[in-house]
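Atoms within each ligand, like the ligands themselves, are counted from 1 in listed order.
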Amino acid sequence: MEQNVIRKALVTGGAGFLGSHLCRRLLAEGYEVTALDNLFTGTRTNIEDLLDNSRFSFVLHDVTRPFWGQFDEIYNLACPASPVHYQYRPIETMKTSVLGMMNMLELALKTKAKILHSSTSEVYGDPLVHPQVETYWGNVNTIGIRSCYDEGKRCAETLAADYRREYGVDVRMVRIFNTYGPSMHPKDGRVISNFIMQALNNEDITLFGDGLQTRSFQYCDDLTDAMRRYMELPREAVDAFCEKKGLGSPVINTGNPEEYTIKELAEETLRQLPESKSKLVYRPLPSDDPKRRKPDIAFAKELLGWEPKVSLQDGLAKTIEYFRKLGE
Ligand code: NAD
Ligand code: UDP
């Protein structure tokens, strides 16, 4: 008689914002989950409620060092994602992206695990093509303050593509566009957490530059859903899709194509918090800050049958609720 086999997943960066959501989702689907994290930007609080689950374990480990274990699926999320965090430790960030990716690809190779890598819209840099399609190669500065992250993630994609071509590793990659939601660190430094915290505390809302640069904001549950759909696909379907689209490696954008200026985001935050006494103030634009960002998600729609469901208004309301409770 066929037995129900419990699938095992490794989530690097599992104590971070997105990693902890993914762990929760995998556990709900019946997986045995190991979260690996060095707690650079992640916290034990993010996974505290999971520690009692007998199918969950946490390993304090730095992904730049080799790690061994038998898993069916590896989700490589370890890497600081907020510009404030990765610019604080740029060399560590590059090492995490490159050595971390290599260690996880070696693990996937030796144990025949599938691996999903969390890449980023930053591989497009300050894009000259709008919206950004996967076949666009990007416009990235190699020596700027964002380069440790952008180039690290680009190198990780190259490694993944070559482990697939040279050794046949079953690699899948998502280029994640700005994603937000509960469990973001209140001092994370990214725009949504900054604006909500500022509005809740009646502090000035800091718009960098003229506030007319754009971003497209994806709610965390939509991303987790895309990741899971992607990993569930048989390898043949993924390979056939790459062939059909002329993609050197299976990489798809995941994001919400609704595009907002940062000023519109600030206004929407204040609209949802009418009691706030915060005012909009303007601060200098950090260098290399991309002017426009919006994903083309046609590939994700076709391959995964996926599109985001949560609007910015709804996602923001849930995130505000989370930060409000945190302060109580
Ligand atoms: P996060 O900072 O909350 O999570 C990153 C996690 O990785 C943290 O728990 C951190 O402690 C851990 N980590 C960092 N360096 C590590 C190392 N050397 N070894 C082990 N663990 C390490 O950020 P997030 O938003 O959850 O991002 C998760 C992943 O998604 C990252 O790879 C990021 O590049 C990618 N991503 C996120 C977004 C977004 O908008 N949230 C956008 C694009 C890509
Ligand atoms: N930003 C801002 N005020 C803040 C934080 C960020 O105006 O307090 C801007 C930032 O300059 C960028 C956008 O918001 O144009 C998104 O920034 P974030 O750090 O969230 O992510 P990025 O997409 O730049 O990696």
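The protein atom (non-hydrogen) at minimum distance from atom 13 (C) of ligand 2 is I262 CD1, 3.7 Å. Protein heavy atom in closest approach to atom 16 (C) of ligand 2: R215 NE, 3.6 Å. Nearest protein heavy-atom contact of atom 38 (C) of ligand 1 is I176 CG2, 3.9 Å. When only non-hydrogen protein atoms are considered, atom 10 (C) of ligand 2 lies nearest to D289 OD2, 3.3 Å. With hydrogens left out, the protein atom closest to atom 21 (O) of ligand 2 is N178 ND2, 3.5 Å, a heavy atom. Of the protein's non-hydrogen atoms, the one nearest atom 7 (O) of ligand 2 is F208 N, 2.8 Å. Remark: minimum distance from atom 40 (O) of ligand 1 to any protein heavy atom is reached at T179 N, 2.7 Å. For atom 20 (O) of ligand 2, the nearest protein heavy atom (residue, atom name, distance) is V191 N, 2.8 Å.
In terms of modelled atom types and a separation under 3.5 Å, the side chain of H61 and the main chain of R65 share a donor-acceptor contact. Checking side-chain atoms of T214 against main-chain N and O of R293 turns up a donor-acceptor pair under 3.5 Å. The closest donor-acceptor contact from the side chain of S97 to the backbone of E151 lies at 3.5 Å or more, if one exists at all.
Proximity annotation for atom 19 (O) of ligand 2: of A81, P83, A266, P83 comes nearest, heavy atoms only. The closest non-hydrogen atom to atom 24 (O) of ligand 2, taken over R283, R146, R293, comes from R146. Scanning N38, T12, N103 for the heavy atom closest to atom 13 (N) of ligand 1 points to N38. Around atom 3 (N) of ligand 2, the closest heavy atom drawn from T179, T206, T120 belongs to T206. Distances from atom 23 (O) of ligand 1 to the heavy atoms of G42, G255, A81 show the closest one on A81.
For ligand 2, the atoms lying closer than 4.0 Å to a non-hydrogen atom of N194 are 4 (C), 5 (C), 8 (O). Each of the following atoms of ligand 2 lies closer than 4.0 Å to a heavy atom of E122: 25 (O). Here is the list of ligand 1 atoms found below 4.0 Å of a heavy atom in F40: 11 (O). Residue H61 approaches ligand 1 through these ligand atoms, each under 4.0 Å from one of its heavy atoms: 19 (N), 20 (C). Residue contact check: G16 has heavy atoms under 4.0 Å from atoms 3 (O), 4 (O), 8 (C), 9 (O) of ligand 1. Atoms of ligand 1 lying under 4.0 Å from at least one heavy atom of G13, given by number and element, are 6 (C), 7 (O), 9 (O), 12 (C). Ligand-side atoms of ligand 2 in range of L207: 7 (O), range being under 4.0 angstrom from any heavy atom. Per-residue contacts place A78 under 4.0 angstrom from the following atoms of ligand 1 (heavy atoms of the residue considered): 7 (O), 20 (C), 21 (N), 22 (C).
Proximity of Q213 to ligand 2, defined as any heavy-atom pair under 4.0 Å, is confined to the side chain (atoms from C-beta onward). In S121, neither the side chain nor the backbone holds a heavy atom less than 4.0 Å from any atom of ligand 1. The backbone of L39, and not its side chain, has at least one atom closer than 4.0 Å to an atom of ligand 1 (non-hydrogen atoms only; backbone = N, CA, C, O). Within the 4.0 Å heavy-atom criterion, the part of R190 lying near ligand 1 is the side chain and not the backbone. Both the backbone and the side chain of L18 come within 4.0 Å of ligand 1, counting heavy atoms alone.
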Query raised in the report: Under the side chain to side chain contact (heavy atoms under 4.5 Å, CB included) criterion, do Y124 and D150 qualify, and how do the steps go?
Result: CA-CA 8 Å; Y124 301 119; D150 300 11; over 6 Å; no
Report task. Check the pair S119 / E157 against side chain to side chain donor-acceptor pair (under 3.5 Å), numbers first and verdict last. Result -> CA-CA 7 Å; S119 188; E157 284 200 6; 2.6 Å; yes
Requested in this report: Determine, stepwise, if the pair Y149 / Q87 fulfils side chain to side chain contact (heavy atoms under 4.5 Å, CB included).
Outcome: CA-CA 8 Å; Y149 183 73; Q87 286 163 25; over 6 Å; no
Requested in this report: Carefully, step by step, assess D225 and D222 under the rule side chain to side chain contact (heavy atoms under 4.5 Å, CB included).
Outcome: CA-CA 5 Å; D225 191 39; D222 281 330; 5.5 Å; no
**Report entry** Stepwise side chain to side chain contact (heavy atoms under 4.5 Å, CB included) check, I115 with R172
**Finding:** CA-CA 6 Å; I115 178 163; R172 293 133 202 245; over 6 Å; no
Report task. Take H130 and Q132 through the test side chain to side chain donor-acceptor pair (under 3.5 Å) and record every step on the way to the result. Result -> CA-CA 5 Å; H130 196 79; Q132 290 79 60; 3.3 Å; yes
Query raised in the report: Where do Y163 and E106 land on the side chain to side chain donor-acceptor pair (under 3.5 Å) test, with the steps shown first?
Result: CA-CA 9 Å; Y163 267 76; E106 281 294 320; 2.5 Å; yes
Query - Criterion side chain to side chain donor-acceptor pair (under 3.5 Å) on N139 and D126, from CA distance to verdict - result: CA-CA 6 Å; N139 176 39; D126 192 4; 5.1 Å; no
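Taking a 4.0 Å cut-off on heavy atoms, A15 registers as neighbouring ligand 1. Residue contacts with ligand 1 leave out R175, since none of its heavy atoms falls under 4.0 Å from the ligand. Distances from ligand 1 to the non-hydrogen atoms of S119 include at least one value under 4.0 Å. Ligand 1 is never approached by Y180 to a heavy-atom distance shorter than 4.0 Å. The shortest separation from a heavy atom of K153 to ligand 1 is under 4.0 Å, placing the residue in contact.
Where the criterion is an N or O separation shorter than 3.5 Å, residue side chain and backbone included, S118 meets it with respect to ligand 1. Considering backbone and side-chain atoms together, D62 places an N or O closer than 3.5 Å to an N or O of ligand 1. Residue Q198 places no N or O, backbone or side chain, under 3.5 Å from any N or O of ligand 2. Residue contacts with ligand 1: T96 is placed with a nitrogen or oxygen under 3.5 Å of a nitrogen or oxygen of the ligand (distance criterion only).
Heavy atoms of other residues, nucleotides or ligands lying less than 6.0 angstrom from NZ of K8 number 12 at most. For W137, the CH2 atom is loosely surrounded, since the number of other residues' heavy atoms within 6.0 Å does not exceed 12.
Note on R228 versus E29: salt bridge recorded, some NZ/NE/NH1/NH2 to OD/OE distance being below 4.0 Å.
Using a 4.5 Å cut-off on side-chain heavy atoms (C-beta onward), R146 and P290 make contact. Proximity of K294 to F177: side-chain heavy atoms (C-beta onward) are nowhere separated by under 4.5 Å. For the pair T254/R175, no side-chain contact is recorded, criterion being any heavy-atom separation below 4.5 Å from C-beta on.
For F17 and Y180, the ring centers are positioned 6.0 Å apart or more.
None of L26, L50, L27 except one satisfies the side chain to side chain contact (heavy atoms under 4.5 Å, CB included) rule with R55; the exception is L27.
Using the six-membered ring where Trp is involved, F241 and F299 have ring planes that are perpendicular, over 60° apart on the 30 and 60° scheme.
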